[in-house]
There are 4 protein chains.
Amino acid sequence: MATIRKSARSTNPAAERPHPDATRRSQRSRQAIYDAALALVGEVGYPKTTIEGIAARAGVGKQTIYRWWSSKAEVLLEAFLDLGEQAVQAQGQEEPYAIPDTGDIAADLKAVLRATVDQLYDPKFEAPSRALAAEGLVNEQLGREFVAKLLEPSLQLHVDRLRAAQAAGQVRPEIDPRIALELFVSPLAQRWLQHTAPVSYAYTDTLVDYALHGLAPR
Amino acid sequence: MATIRKSARSTNPAAERPHPDATRRSQRSRQAIYDAALALVGEVGYPKTTIEGIAARAGVGKQTIYRWWSSKAEVLLEAFLDLGEQAVQAQGQEEPYAIPDTGDIAADLKAVLRATVDQLYDPKFEAPSRALAAEGLVNEQLGREFVAKLLEPSLQLHVDRLRAAQAAGQVRPEIDPRIALELFVSPLAQRWLQHTAPVSYAYTDTLVDYALHGLAPR
Amino acid sequence: MATIRKSARSTNPAAERPHPDATRRSQRSRQAIYDAALALVGEVGYPKTTIEGIAARAGVGKQTIYRWWSSKAEVLLEAFLDLGEQAVQAQGQEEPYAIPDTGDIAADLKAVLRATVDQLYDPKFEAPSRALAAEGLVNEQLGREFVAKLLEPSLQLHVDRLRAAQAAGQVRPEIDPRIALELFVSPLAQRWLQHTAPVSYAYTDTLVDYALHGLAPR
Amino acid sequence: MATIRKSARSTNPAAERPHPDATRRSQRSRQAIYDAALALVGEVGYPKTTIEGIAARAGVGKQTIYRWWSSKAEVLLEAFLDLGEQAVQAQGQEEPYAIPDTGDIAADLKAVLRATVDQLYDPKFEAPSRALAAEGLVNEQLGREFVAKLLEPSLQLHVDRLRAAQAAGQVRPEIDPRIALELFVSPLAQRWLQHTAPVSYAYTDTLVDYALHGLAPR
DNA sequence: CGATAAGCGAGACGGTACGTCAGGTCTTGGA
DNA sequence: TCCAAGACCTGACGTACCGTCTCGCTTATCG
């Protein structure tokens, strides 16, 4: 969640959408649409962001949007993915993000969760990701895309780190890492998404401690 | 989460919305609106449910909706709360739900989570609660109402049960129950909401075990 | 053609178009739409007159136009009929137009044709009637309405006058007046509509003379 | 009107439209465009005939149309002229049409008008000529072209025949043939164009009789 | 007990955005 | 260099709902 990766998507050049000829596609327009979509979601919120508004702001015909995407949610999803890619490239980061492995699983997870918190409240990211999450709840197709392209890569890193911890004897070997990671990731996600309670570093640290050592007395 | 209660709301007779005279309110219309709203959300989905559609289906003027509610989300929220109340009354349940206390915290939590799973996939409840959750992500005011009226009461029961477990020495005394419950509630919620993975009894049982005993070797 | 009458249409109060409730209709909007339509056709021409433009100029929602008319041609037709009615009322003319009967059929027809010429080149009338005529050629349904509501009443007056002339022995009794009137009306109409040649009083006088006395030597 | 001639147009090889090099023009495309335009006007009507539709049907790029014509009306006008030429050539008719001169002006005119009626209701000709006439009413530039290229040549033949009749003493010498011909041509044109009344041989015969001998008693 | 004022059903209204169609311009790649 | 193909910006289409507003019509106190 704290991590956005180059993500599988970007390298199948043609025909993600069936009909038009992608080789003739205007990169200028595409980028302008991404920028406009992200800006509008940030400024007026997702529900008041309209395709017409995006087109106008991007200086683009509506048809150019409809040609390549089928809904504002799809536009925003791709815009957000693109934003992630650009953020990665801007840092000159050749390695895709990974969770550090200092040998101390508790410390590493706490560090990652703190970074995740920072990202969740980064104004550039908050509005779009909240909007996409919301849309995904109700629109299953988009929800799956959202999960696969945005969440999954990041979750996989947690799985990897937990497996390493198992190898190092810091996590019990019979634990399923896919489930384990949810103990600390999901609570954070829910608090942030649903405003159920404030999110602080102390909170995420506590989550990691509880998850590692359990609620029951030892 | 598995529980829906009478919930604070129902007994302040006048002026939830400022203007009209609630004593003259037509209960026939109110109920018809609730029914129509829930039916439409179930049949065509939340985004295609419209105020006009609800009014038409309920045989009601649009103004009658706008007089008492300010958005389709509010209508649906109240309709859903009403649905919960009616479900409770139908069972002749005078006591509000509570989590059983057999003395075995693990068993009790597993039972409650299994009941929660059943409710989440009950067709009457799924569409509206998913819709309300989605709307709540993006509309903070509604989100808070949603949390306070629907989630909070149920979460409080978990808190109570965890405190009892602490008194019984089954949960460490320094644990914060508000955070603790998230270890198993949030993962379930997220899997369900975001379709990230299937939800089974085995899964919720595992969550309880992991949460109680931790990931680290003991 | 020189004459616009109260015309049968205006006095069936309800349901010319099936669906909406005509009693609730906004007369303010209706008049604003008529004004806007006529103004736009005069200013930018019929093809560049759009429903959207009419709505904007009239300060009216598009739906208010689509509720009551099915095309811009219909709007313009009714607007034009209304214009005619108002022109008649403005003159305080209680009698519907009629062709004068001085006893001299030649003089009377020449007078009427001169008046017709004046009207054809009246800027308020020219653009809309030309546009409606054009639309009527290609859209048969509208064409029939146009003929029935605008042309027919005026043509009937010519028929009446010709019958009077037959009674007075100025026109041969076996002549069919419906056909006879076309000898001078149609040439005028065609010159005007198709810009085939200029139209002058001398021309219309000549038409009447040729029609009355024939081309062949007597 | 009953006659379509080789007409001035066809033999100025270059630069009717300024820009492109007409010598390199693809005759295949040109013919395909004509065919498509006429077919579409016949099948779906003039208003629903679009440049895109013509291009698609002709298997031609839109630019190929815009390169050589400035509007669908122009395309159709040329297509229609071409159709006339081809019809003439198909009959192996080296002489341009002329009105017969049997010495009996009444009979000759009646014959020509009957032929005109036949042509007006020929399905190949009706839709395009009606469409062009309509467009000409509103678009003065095109209207003049339409008149000059299509109507004028045919009208001139009537003028010639009337002059011959004058020489033969069958038409009064002081009659202006340009005006005279309108007495029978315009009524026919108007009935056909505006669907004001059915057109039959009996009707056109009557027109000729009325025009020649006048309405007044002799 | 009759007046009067509220809620109500209906739905017209001024708007905004939808998703589509076509116009006319421009670019690309193949002949 | 012309042409087919079609992406692009533009602008209008006709539709769906929004939230507001008026209409009569119950209906239920209160003067």
Side-chain angles (χ1 to χ4, degrees), chain A residues 19-26 28-30 48-56 58-68 70-72, chain B residues 19-30 32 48-56 58-68 70-72, chain C residues 19-26 28-30 32 47-56 58-68 70-72, chain D residues 20-26 28-29 32 47-56 58-68 70-72:
Chain A
H19 306 301
D21 177 349
T23 66
R24 292 218 187 296
R25 183 164 187 183
S26 159
R28 264 181 94 270
S29 296
R30 189 211 285 243
K48 290 194 180 167
T49 296
T50 65
I51 298 233
E52 219 151 59
I54 295 171
V60 139
K62 278 200 284 180
Q63 210 55 266
T64 301
I65 297 184
Y66 285 110
R67 194 166 10 245
W68 302 106
S70 57
S71 66
K72 70 170 169 174
Chain B
H19 308 300
D21 175 352
T23 65
R24 289 191 186 276
R25 183 167 186 183
S26 159
Q27 293 308 313
R28 265 182 92 268
S29 296
R30 188 211 286 242
K48 289 194 179 168
T49 297
T50 66
I51 299 243
E52 289 207 336
I54 295 171
V60 138
K62 280 200 286 177
Q63 205 53 256
T64 301
I65 297 184
Y66 285 110
R67 200 168 3 247
W68 303 105
S70 60
S71 67
K72 70 170 169 173
Chain C
H19 306 300
D21 176 349
T23 68
R24 293 218 187 294
R25 185 165 185 183
S26 159
R28 264 182 94 268
S29 297
R30 188 210 287 243
K48 289 195 180 166
T49 296
T50 66
I51 298 233
E52 219 152 60
I54 296 171
V60 139
K62 278 200 283 180
Q63 209 55 265
T64 300
I65 297 184
Y66 285 110
R67 195 166 9 245
W68 302 106
S70 58
S71 67
K72 70 170 169 173
Chain D
D21 175 352
T23 64
R24 289 190 184 271
R25 184 167 186 182
S26 158
R28 265 181 93 269
S29 296
K48 290 194 178 167
T49 297
T50 65
I51 299 243
E52 290 206 335
I54 296 171
V60 139
K62 280 201 287 178
Q63 206 52 257
T64 302
I65 297 184
Y66 285 111
R67 207 177 346 258
W68 303 105
S70 59
S71 67
K72 70 170 169 172

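Everything numeric in this text was worked out from a predicted model, so none of it was measured.
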* To do: Can you see which heavy atom on C:A58 is nearest to which on C:A32, and at what distance?
  => CB-O, 3.5 Å
* Whole-Å gap separating P (F:dC18) and NZ (A:K48) -> 15 Å
Polar pairs (N or O, both sides) under 3.5 Å between protein and nucleotides 13-15 of chain F?
residue : atom : partner : partner atom : Å
F:dC13  : OP1  : C:I51   : N            : 3.0
F:dC13  : OP2  : C:I51   : N            : 3.4
F:dC13  : OP2  : C:E52   : N            : 2.9
F:dG14  : OP2  : C:Y66   : OH           : 2.5
F:dG14  : O5'  : C:Y66   : OH           : 3.4
F:dG14  : N7   : C:K62   : NZ           : 2.9
F:dG14  : O6   : C:K62   : NZ           : 2.7

* Value in whole Å for how far the P atom of E:dT27 lies from CZ of A:R28 -> 12 Å
* **Shortest non-hydrogen contact from A:T64 toward A:S29** => CG2-CB, 4.3 Å
* Out of E:dC13, F:dC8, E:dG9, which nucleotide sits closest to the side chain of B:S29? -> E:dG9
* **Residue D:S26, side-chain heavy atoms: nucleotide from F:dC9, F:dC3, E:dT28 that is nearest** => F:dC3
* To do: May I have the distance from B:I65 (atom CD1) to E:dG7 (atom C1'), rounded to whole angstrom?
  => 14 Å
* Are A:R30 and A:W68 in a cation-pi setup, meaning NZ or CZ lies under 6.0 angstrom from the ring centre and within 45 degrees of the ring axis? -> no
* To do: Could you tell me whether the phosphate oxygens of F:dC2, OP1 or OP2, come under 4.0 Å of any side-chain nitrogen or oxygen in D:W68?
  => no
* **B:A56 vs C:G59, nearer the 5' end of DNA chain E by closest nucleotide** => B:A56
* **Closest non-hydrogen atom pair, D:K72 against D:P47** => NZ-O, 3.5 Å
* To the nearest Å, give me how far apart CZ (B:R25) and C1' (F:dT27) are. => 18 Å
* Are any of A:T64's side-chain N or O atoms less than 4.0 Å away from OP1 or OP2 of F:dC9? -> yes
* Asked: Would you say E:dC13 has OP1 or OP2 under 4.0 Å from some side-chain N or O of C:R24?
  -> no
* Nearest non-hydrogen partners of D:S71 and D:I51, listed with the distance -> C-CD1, 4.2 Å
* Asked: What's the CZ-P distance between C:R67 and F:dC17, to the nearest Å?
  -> 15 Å
* To do: Would you tell me if any nitrogen or oxygen in the side chain of A:T23 comes within less than 4.0 Å of OP1 or OP2 on E:dT28?
  => no
